[in-house]
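One structure below.
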Amino acid sequence: MIKIYNTLTKQKEELIPLNPPNIRMYMCGPTVYDYFHIGNARSFIMSDIVRRYLEYKGYNVTFVMNLTDVDDKIIKKSIEENKTSKEVAEFYINEFFKDIERLKIKRASFYPKATEFINDMIDMIKKLEQKGIAYNVDGNVFYDVTKFQDYGKLSGKNINELEAGSRVEINEEKKHPLDFALWKKAKEGEPFWESPWGKGRPGWHIECSAMSCKLLGESFDIHAGGHDLIFPHHENEIAQSEAANQKPFVKYWIHFGFLNINEEKMSKSLGNFFTAREILESYSAEAIRLFFAQAHYRGPVNFSEELIKAAEKGFEKIQNTYDRINDELKNENLPQVETDFNFNQWYEKFEQAMDDDFNTASAVATIFDFSREVNKIISEGNYNKNFLLKSKEYFDKTAEGVLGLLKSDISSNQPSLEDELIEILIKIRNEAKQNKNYTLSDKIRDELKKIGIILQDSKTGTTYKKTKK
RNA sequence: GGCGCUGUAGCCAAGUGGUCUAAGGCGGAAGUCUGCAAAACUUCUAUUCGUCGGUUCGAAUCCGACCGGCGCCUCCA
């Protein structure tokens with residue numbers, strides 16, 4: 001049984017899908033006006049882990065992530081770069097997919113673009129207008145929050161209190177300060193679409209309501225996003241969808257905590273802004289994923305050079321064990337010691353952690369514990385081929401399958417020319433060692449290290465690993 | 001002002017009534033192995049969970065007060 005913390009009820013609840021074994025999940029994706037940053041990466045990676053775990057548990061997950069390709073920020077960028085909005089969006093969508101792939105984030109079932117669902121958005125706005133919830137002021141259409149009884153149920157806000165607050169922008173056209181734009185009238189030079197209210201473009205919130213409805217239905221299971229989206233974005237999505245469809249919109253809301261840099265909020269003006277690809281230049285995708293998985297998804301997390309380095313080390317530790325298993329499996333004279341190693345117990349431990357509101361930190365601890373056990377057994381020689389296969393399977397299903405923490409066994413059956421050359425050098429070095437010519441043997445090891453190949457001697461022979469990607 | 005989160009070892013972090021004299025990672029110390037390394041393994045590195053009270057047979061875990069950190073309420077993952 002999976003327990004999931006629901007922002008809507010502010011407590012952990014048992015996950016009961018609306019239509020098992022299917023689970024429909026929507027994740028708020030990026031506005032494509034720039035490369036995405038390491039904070040975005042956290043949300044994307046954690047939603048990926050949630051999705052992978054649901055699949056691990058046997059659910060058939062339909063995972064949708066939207067791409068906001070019409071928006072103020074994109075328009076601004078297009079003016080700066082003297083390009084069309086569309087060109088800017090297309091460029092960053094392309095780059096988005098490159099980063100997603102490098103971070104080993106599984107492809108979504110759909111990546112709907114806002115501009116391809118304009119008609120669905122118009123239909124929804126029309127519906128709201130007919131119900132008297134939306135009003136048109138000179139080509140701008142707003143949502144009247146006072147018409148929706150439950151407004152504020154997700155964020156715990158109260159319309160009247162918010163009205164008194166000083167931070168809400170005053171807009172003469174709105175009836176209530178919290179009313180938000182469903183349709184924005186086109187200004188000179190902006191991209192626009194024809195609509196019953198004239199030329200314009202959709203507001204930001206309506207796209208998620210319209211696209212999730214179209215692709216996942218009027219009610220679906222899980223909606224995820226960054227913590228900051230709770231208000232107003234998700235609150236507004238609920239208001240739009242439930243008012244238009246007269247049905248509960250989403251059953252479980254999950255929100256990912258923020259990432260700070262050296263205890264400060266990440267921002268371009270502070271100069272502590274990192275794109276995901278910048279981090280990927282120095283650290284592996286696995287280390288980044290481990291870094292995030294080591295903390296609970298809901299809490300804030302601090303990012304620093306020191307911490308990501310620690311994660312890289314941790315990753316290497318698991319990877320070493322995994323590589324060792326794969327190397328052993330190539331060995332033809334394996335020990336044939338019977339083991340009574342209880343794999344089920346390890347699966348249970350992993351699932352127990354993940355079942356409890358996706359406690360990845362605890363799940364990762366299980367992986368480290370398992371890794372230590374396996375190392376111990378191999379070192380002692382108390383194993384057989386079946387043990388290795390089962391251990392590999394465990395890593396494949398949990399550490400890699402759910403968390404994405406391992407590099408696959410690249411040194412496949414077909415050795416490359418490079419591999420063969422390394423083997424020759426190892427042979428020469430071992431001969432030198434036998435002749436106690438340590439100057440030569442150390443030189444070979446040092447020189448190889450310089451080009452990123454680490455040699456390791458063990459009882460069964462010399463193995464090597466490549467540190468470069 | 002409103003809503004919410006949070007304070008656990010040198011650092012990161014899980015645990016939210018007894019199995020906790022508190023997982024796991026990084027860092028540090030010693031040892032086994034090794035020609036030397038590396039990797040791996042073993043042991044050690046919080047009698048204590050911001051402070052002070054309370055509830056309880058029993059609290060890191062519940063309640064209260066206080067001190068500290070943070071987020072949202074405006075575009076933002």
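In what follows, chains are A, B, ... by sequence order, proteins preceding strands, each numbered from 1.
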Going by atom type alone, with no hydrogens or angles, which donor-acceptor pairs under 3.5 Å involve a side-chain atom of residues 358-366 of chain A and a protein atom two or more places apart or on another chain?
| from | atom 1 | to | atom 2 | distance (Å) |
| --- | --- | --- | --- | --- |
| A/N359 | OD1 | A/A361 | N | 3.4 |
| A/N359 | OD1 | A/S362 | N | 3.0 |
| A/T360 | OG1 | A/A293 | O | 2.8 |
| A/T360 | OG1 | A/A295 | O | 3.4 |
| A/T366 | OG1 | A/S362 | O | 3.1 |

Item to check | Separation of atom CD in A/Q11 from atom P in B/U16, rounded to whole Å | outcome: 16 Å
Next on the checklist: I'd like the P distance from B/G10 over to B/G1, given in whole Å.
Outcome noted: 35 Å
Checklist entry - How far does the C1' atom of B/U55 sit from the matching atom of B/U8, given to the nearest Å? => result 23 Å
Item to check | Pairwise P distance, B/A59 and B/C20 [rounded to whole Å] | outcome: 15 Å
Checklist entry - Are A/D446 and A/K443 close enough for a salt bridge, meaning some N to O gap below 4.0 Å? => result no
Checklist entry - Which of parallel (below 30°), tilted (30 to 60°) and perpendicular (above 60°) describes A/F303 and A/F291? => result perpendicular
Item to check | Residues A/D72 and A/R201 bridged, charged N to O under 4.0 Å | outcome: yes
Item to check | Out of B/G2, B/A39, B/A38, whichever nucleotide has its closest atom nearest the side chain of A/N320 | outcome: B/A39
Item to check | Whole angstrom value for the distance that separates C1' of B/A40 from OH of A/Y383 | outcome: 13 Å
Checklist entry - Quick one: is the NZ or CZ of A/K175 closer than 6.0 Å to the six-membered ring centre of A/F142, and within 45° of its axis? => result no
Item to check | Distance, P atom - from B/A29 to B/U51, rounded to whole angstrom | outcome: 30 Å
Next on the checklist: Is any side-chain heavy atom of A/H255 closer than 4.5 Å to one of A/Y297?
Outcome noted: no
Checklist entry - Say you pick atom C1' in B/A22 and the same atom in B/A30; how far apart are they, in whole Å? => result 24 Å
Checklist entry - Do we see a donor-acceptor contact under 3.5 Å between the side chains of A/E400 and A/Y322? => result no
Next on the checklist: Suppose you measure atom P in B/U16 against the same atom in B/C62; what distance do you get, rounded to whole Å?
Outcome noted: 10 Å
Checklist entry - Between A/N375 and B/C41, does any side-chain N or O lie under 4.0 Å from OP1 or OP2? => result yes
Next on the checklist: What is the separation between atom NZ on A/K153 and atom P on B/C73, rounded to the nearest whole Å?
Outcome noted: 21 Å
Next on the checklist: Between A/R52 and A/S47, do the side chains contain a donor N or O and an acceptor N or O under 3.5 Å apart?
Outcome noted: no
Checklist entry - With a 4.0 Å cut-off on heavy atoms, is A/I230 in touch with a base, just the backbone sugar-phosphate, or nothing at all? => result nothing
Item to check | Charged tip of A/R107 within 45° of A/F97 ring normal and under 6.0 Å | outcome: yes
Checklist outcome for this item: Heavy-atom nearest nucleotide on RNA chain B taken for A/S379 and for A/K12; more 5' hit belongs to A/K12
Pairwise N/O distances under 3.5 Å, protein to nucleotides 4-6 of chain B:
none

Checklist entry - In terms of side-chain heavy atoms, does A/N6 have a donor or acceptor partner in A/K12 at a distance below 3.5 Å? => result no
Between protein and nucleic acid, restricted to nucleotides 24-26 of chain B and to nitrogen or oxygen atoms under 3.5 Å apart, what atom pairs and distances do you find?
| from | atom 1 | to | atom 2 | distance (Å) |
| --- | --- | --- | --- | --- |
| B/C26 | OP2 | A/K317 | NZ | 3.2 |

Next on the checklist: Give the residues of residues 31-40 of chain A touching RNA chain B, defined as any heavy atom closer than 4.0 Å, sorted by residue number.
Outcome noted: A/H37, A/G39, A/N40
Next on the checklist: Please classify the nucleic acid contact of A/L259 as base, sugar-phosphate, or nothing, using heavy-atom distances under 4.0 Å.
Outcome noted: base
Checklist entry - How far does the P atom of B/C12 sit from the matching atom of B/G7, given to the nearest Å? => result 12 Å
Next on the checklist: Within this structure, what is the CD-OG1 distance for the pair A/E316 and A/T321, rounded to the nearest 0.5 Å?
Outcome noted: 12.0 Å
Checklist entry - Roughly, in whole Å, what's the span from CZ in A/F291 to C1' in B/C11? => result 12 Å
Checklist entry - Does the side chain of A/H205 reach to within under 4.5 Å of the side chain of A/Q240, using non-hydrogen atoms? => result yes
Next on the checklist: Which helical stems does RNA chain B take part in, if a stem means at least 3 consecutive Watson-Crick or G-U pairs with both distances below 3.5 Å?
Outcome noted: B:1-7 with B:67-73, B:10-12 with B:24-26, B:27-32 with B:40-45, B:50-54 with B:62-66
Next on the checklist: Between B/A9 and B/U19, how far apart are the two C1' atoms, rounded to whole Å?
Outcome noted: 22 Å
Item to check | Integer-rounded Å distance: B/A77 P and A/F274 CZ | outcome: 18 Å
Checklist entry - Between A/R277 and A/E95, is the closest basic N to carboxylate O distance under 4.0 Å? => result yes
Item to check | Euclidean distance, atom NZ of residue A/K349 to atom C1' of B/G15 [Å, nearest integer] | outcome: 13 Å
Item to check | Length of the CZ-C1' vector between A/F258 and B/G71, whole Å | outcome: 8 Å
Next on the checklist: Run the ring pair (Phe, Tyr, Trp, His ring centres under 6.0 Å) test on A/F343 and A/F341 for me, step by step, so that the C-alpha distance in whole Å, both residues' side-chain angles and the decisive distance to 0.1 Å come before the verdict.
Outcome noted: CA-CA 6 Å; A/F343 283 95; A/F341 194 82; 4.8 Å; yes
Item to check | Between C1' of B/G69 and NZ of A/K265, the distance in whole Å | outcome: 16 Å
Checklist entry - Do A/Y35 and A/Y92 pass the ring pair (Phe, Tyr, Trp, His ring centres under 6.0 Å) test, and can you show the C-alpha distance, the side-chain angles, and the key distance before you say yes or no? => result CA-CA 7 Å; A/Y35 303 112; A/Y92 287 108; 5.4 Å; yes
Checklist entry - Under 4.5 Å between any side-chain heavy atoms of A/Y394 and A/F350, yes or no? => result yes
Next on the checklist: Is the positively charged end of A/R298 above the ring of A/Y5, judged by distance under 6.0 angstrom from the centroid and angle within 45° of the axis?
Outcome noted: yes
Polar atoms only, N or O, under 3.5 Å: list the protein pairs with nucleotides 28-36 of chain B and their distances.
| from | atom 1 | to | atom 2 | distance (Å) |
| --- | --- | --- | --- | --- |
| B/G35 | N1 | A/D442 | OD1 | 2.9 |
| B/G35 | N2 | A/D442 | OD2 | 2.8 |
| B/C36 | O2 | A/R445 | NH2 | 2.6 |
| B/C36 | N3 | A/R445 | NH1 | 2.8 |
| B/C36 | N3 | A/R445 | NH2 | 3.2 |
| B/C36 | N4 | A/R445 | NH1 | 3.4 |
| B/C36 | N4 | A/D457 | OD2 | 3.0 |

Checklist entry - Yes or no on ring pair (Phe, Tyr, Trp, His ring centres under 6.0 Å) for A/H227 and A/F258, after CA distance, side-chain angles and deciding distance? => result CA-CA 7 Å; A/H227 192 255; A/F258 253 47; 7.2 Å; no
Next on the checklist: Both A/N302 and A/K465 contact RNA chain B. Taking the nearest nucleotide for each, which residue is further toward the 5' end?
Outcome noted: A/N302
